[in-house]
Amino acid sequence: MRVLFWGTPEFAVPALRAVERSGHEIAAVVTRRDRPRGRGRKPAASPVRSYAESRGHRVLTPERPRDGAFVDLVREIAPDVSAVVAYGHILSRELLDAARLGSLNVHASLLPALRGAAPINWAVARGHAVTGVTVMRMVEAMDAGPVLARSEIPIGENDTASVLSGSLAEMGAALLVETLARLEAGPVEEVEQDHAAATYAPKVSRATARIDWTKDARTVACLIRGMDAVPGAWSVLRGRSVKLFAPEVVEGDPGRGFDPGRLVRADPRVGLVVAAAAGVVRIGEVQPAGKRRMEAAAWIRGRGPRAGDRFE
């Protein structure tokens, strides 16, 4: 089949590679325009664009994909199907219907759970035991189309959003290729979602990544793992922000009697142990403002925190 592929971040690259290797024709690749990145804020190509160009695919970067001229261009390309993986723009009805067999989307959750921009982050941050990927037919409502396929994966106690993203990207790639093969062979059963059961996963930001130490230790640890590596869960110590990573809930309650955010221990041999409202969390890695990510022990050995200090 002629596949028009839509995607932007690294998460979408395995899907594009899988479609390419499965023998389908890549009619073109649509991705977001280059954006400023890094400290120099120089425009850089999206991961999908970089991969697509390295493979010689035609790349399209419309500023406004809803514009009539771009819709006409997609119709001229005449794809059999559009495959959308984390593209980053909402598609109009005209674009959704431009492909002969319609438009499919790979979404990184078990729909109708976690509709929206950041399902992987929130699956971890909210302490879900299981997540997965869903291939759905796209409709004009956000992540609300009927389901063609889904696959699930457990979330381990130490899984972070960044690690889980890699696993789900590969899982989604395989599921997309499998679904395209079924679609090519004939009609595929499509199951309507239970819209009353929908939950949402809004875009994460610096504000959502701030740690609330008045929550229990497991909730704090889940948030830290869910915000790893971007935007990074953070707190304030001595007036400066610090990103925290690699949390571990400490069994027992050595933080009893300490107010939330107070450092129970700050010892290179033991680590950085912080009291929550109930229980304590050991922090394995940190990134003080303006510095690289490092082991908490290295920070403590330097001019880092001391027991009795308090995160706010």
Quiz prompt | Heavy-atom donor-acceptor pair, His128 side chain to Trp122 backbone, under 3.5 Å | solution = no
Quiz item: Looking only at heavy atoms, which two atoms of Ala233 and Met227 are closest? And how far apart?
Solution: N-CB, 3.6 Å
Quiz item: Mind checking whether Phe311 and Val236 have side chains closer than 4.5 Å, heavy atoms only?
Solution: no
Quiz item: Between Asp143 and Gln193, which heavy-atom pair has the shortest distance, and what is it?
Solution: O-NE2, 3.0 Å
Practice problem: Determine the interplanar angle of the Tyr87 and Trp6 rings, folded into 0 to 90°, and report it as parallel if under 30°, tilted if 30 to 60°, perpendicular if over 60°. | Solution: perpendicular
Quiz item: Does Asp67 reach the main-chain N or O of Ala69 with its side chain, forming a donor-acceptor pair under 3.5 Å?
Solution: no
Quiz item: Sub-3.5 Å donor-acceptor pair from the side chain of Arg206 to the main-chain atoms of Pro231, do we have one?
Solution: no
Quiz item: Below 4.5 Å, heavy atoms only, C-beta onward: do Pro305 and Leu237 meet side chain to side chain?
Solution: yes
Quiz item: Who are the side chain to side chain donor-acceptor pair (under 3.5 Å) partners of Glu53, not counting sequence neighbours?
Solution: Arg49
Exercise. Return yes if some donor-acceptor pair links the side-chain N/O of Asn105 with the main-chain N/O of Met136 below 3.5 Å, else return no.
Key: no
Quiz item: Is it true that the side chains of Thr131 and Ser109 contain a donor and an acceptor less than 3.5 Å apart?
Solution: no
Quiz item: If we only count heavy atoms from C-beta on, is the Met138 to Val84 side-chain gap below 4.5 Å?
Solution: yes
Quiz item: Taking everything shown except Arg55 itself, do over 12 heavy atoms lie less than 6.0 Å from its CZ?
Solution: no
Exercise. Quick one: do Thr31 and Thr61 satisfy side chain to side chain donor-acceptor pair (under 3.5 Å)? Show the steps, please.
Key: CA-CA 5 Å; Thr31 189; Thr61 57; over 6 Å; no
Quiz item: Who else is in the cluster with Phe245 when I, L, V, M, F, W and Y are joined by side-chain contacts under 4.5 Å?
Solution: none
Quiz item: Can you name the side chain to side chain donor-acceptor pair (under 3.5 Å) partners of Gln287, sequence neighbours left out?
Solution: none
Practice problem: Look at the side-chain heavy atoms of Ile, Leu, Val, Met, Phe, Trp and Tyr, link any pair under 4.5 Å apart, and say whether Val204 and Ile224 land in one connected group. | Solution: yes
Practice problem: Treat each ILVMFWY residue as a node, draw an edge where side-chain heavy atoms are under 4.5 Å apart, and state whether Val3 and Val48 are in one component. | Solution: yes
Quiz item: Going only through I, L, V, M, F, W and Y residues with side-chain contacts under 4.5 Å, is there a path from Leu4 to Val19?
Solution: no
Quiz item: For the atom pair CD (Glu25) and CD (Glu20), what is the distance rounded to the nearest 0.5 Å?
Solution: 12.0 Å
Exercise. Flag the pair Phe11 / Ile120 as yes when at least one side-chain heavy-atom distance between them is below 4.5 Å, and no otherwise.
Key: yes
Quiz item: In Å, rounded to the nearest 0.5 Å, how long is the span from CZ of Arg262 to CG of Asp259?
Solution: 4.0 Å
Practice problem: Taking Arg2 for its side chain and Ala27 for its backbone only, find out whether a donor-acceptor pair lies under 3.5 Å. | Solution: no
Quiz item: Tell me, do Glu285 and Lys243 make a side-chain contact under 4.5 Å, heavy atoms counted?
Solution: no
Exercise. List the steps, then state whether side-chain contact (heavy atoms from CB on, under 4.5 Å) holds for Glu248 with Glu157.
Key: CA-CA 9 Å; Glu248 176 191 357; Glu157 281 297 316; over 6 Å; no
Practice problem: With rounding to the nearest 0.5 Å, note down the distance linking CD in Glu140 to CG in Leu95. | Solution: 10.5 Å
Quiz item: Are Val74 and Leu101 connected in a single hydrophobic cluster, I mean Ile/Leu/Val/Met/Phe/Trp/Tyr linked by side-chain heavy atoms less than 4.5 Å apart?
Solution: no
Self-check item: Gap separating the CG atom of Leu104 from the OG1 atom of Thr134, nearest 0.5 angstrom
Solution: 12.5 Å
Practice problem: Apply side-chain contact (heavy atoms from CB on, under 4.5 Å) to the pair Leu263 and Leu272, showing each step before the final yes or no. | Solution: CA-CA 7 Å; Leu263 273 62; Leu272 188 64; 3.4 Å; yes
Quiz prompt | Heavy-atom side-chain contact between Met294 and Val286 under 4.5 Å | solution = yes
Quiz item: Salt bridge between Asp216 and Arg218, side-chain N to carboxylate O under 4.0 Å?
Solution: no
Quiz item: Between CD1 of Ile155 and CG of Leu168, what distance do you get to the nearest 0.5 Å?
Solution: 8.0 Å
Quiz item: Has the side chain of Asp228 got a donor or acceptor atom that lies under 3.5 Å from a matching backbone atom of Arg225?
Solution: no
Quiz item: Shortest non-hydrogen contact from Ala52 to Val59?
Solution: CB-CG2, 3.7 Å
Practice problem: Indicate the atoms forming the closest heavy-atom contact of Pro202 with Arg126, along with that distance. | Solution: CD-NH2, 3.9 Å
Quiz prompt | Heavy atoms from other residues, nucleotides or ligands near CD of Glu295 exceed 12 (cutoff 6.0 Å) | solution = no
Self-check item: Note: Arg100-Asp80 ion pair, threshold 4.0 Å (strictly below)
Solution: yes
Quiz item: Between Arg310 and Pro260, is there a donor-acceptor pair closer than 3.5 Å when you use the side chain of the first and the backbone of the second?
Solution: yes
Quiz item: Where do Leu114 and Ala123 come nearest, in terms of heavy atoms and distance?
Solution: CD1-CB, 3.6 Å
Quiz item: According to a 4.5 Å side-chain heavy-atom criterion applied to Ile, Leu, Val, Met, Phe, Trp and Tyr, with indirect links allowed, do Val81 and Ile26 form part of one hydrophobic cluster?
Solution: yes
Exercise. Report yes if some heavy atom in the side chain of Ile283 is under 4.5 Å from a heavy atom in the side chain of Val281; otherwise report no.
Key: yes
Quiz item: Can you check side-chain contact (heavy atoms from CB on, under 4.5 Å) on Leu16 and Val29, steps first, answer last?
Solution: CA-CA 9 Å; Leu16 174 55; Val29 174; 4.1 Å; yes
Exercise. Run the numbers on Leu164 and Val124 for side-chain contact (heavy atoms from CB on, under 4.5 Å), then give the verdict.
Key: CA-CA 9 Å; Leu164 191 60; Val124 178; 3.8 Å; yes
Quiz item: With distance as the sole test, does Ser103 use its side chain to make a donor-acceptor pair with the main-chain N or O of Leu96 at under 3.5 Å?
Solution: yes
Quiz prompt | Minimum heavy-atom distance between Gly116 and His107, given as atom pair plus value | solution = O-CE1, 3.2 Å
Quiz item: How long is the gap from CZ on Arg137 to OG1 on Thr179, to the nearest 0.5 Å?
Solution: 11.0 Å
Practice problem: Determine yes or no for a side-chain-to-main-chain donor-acceptor pair under 3.5 angstrom, with Arg306 supplying the side chain and Gly304 the backbone. | Solution: yes
Quiz item: Are Arg238 and Asp309 close enough that some pair of their side-chain heavy atoms sits under 4.5 Å apart?
Solution: yes
Self-check item: Salt-bridge criterion met for Asp72 and Arg75 (N-O under 4.0 Å)
Solution: yes
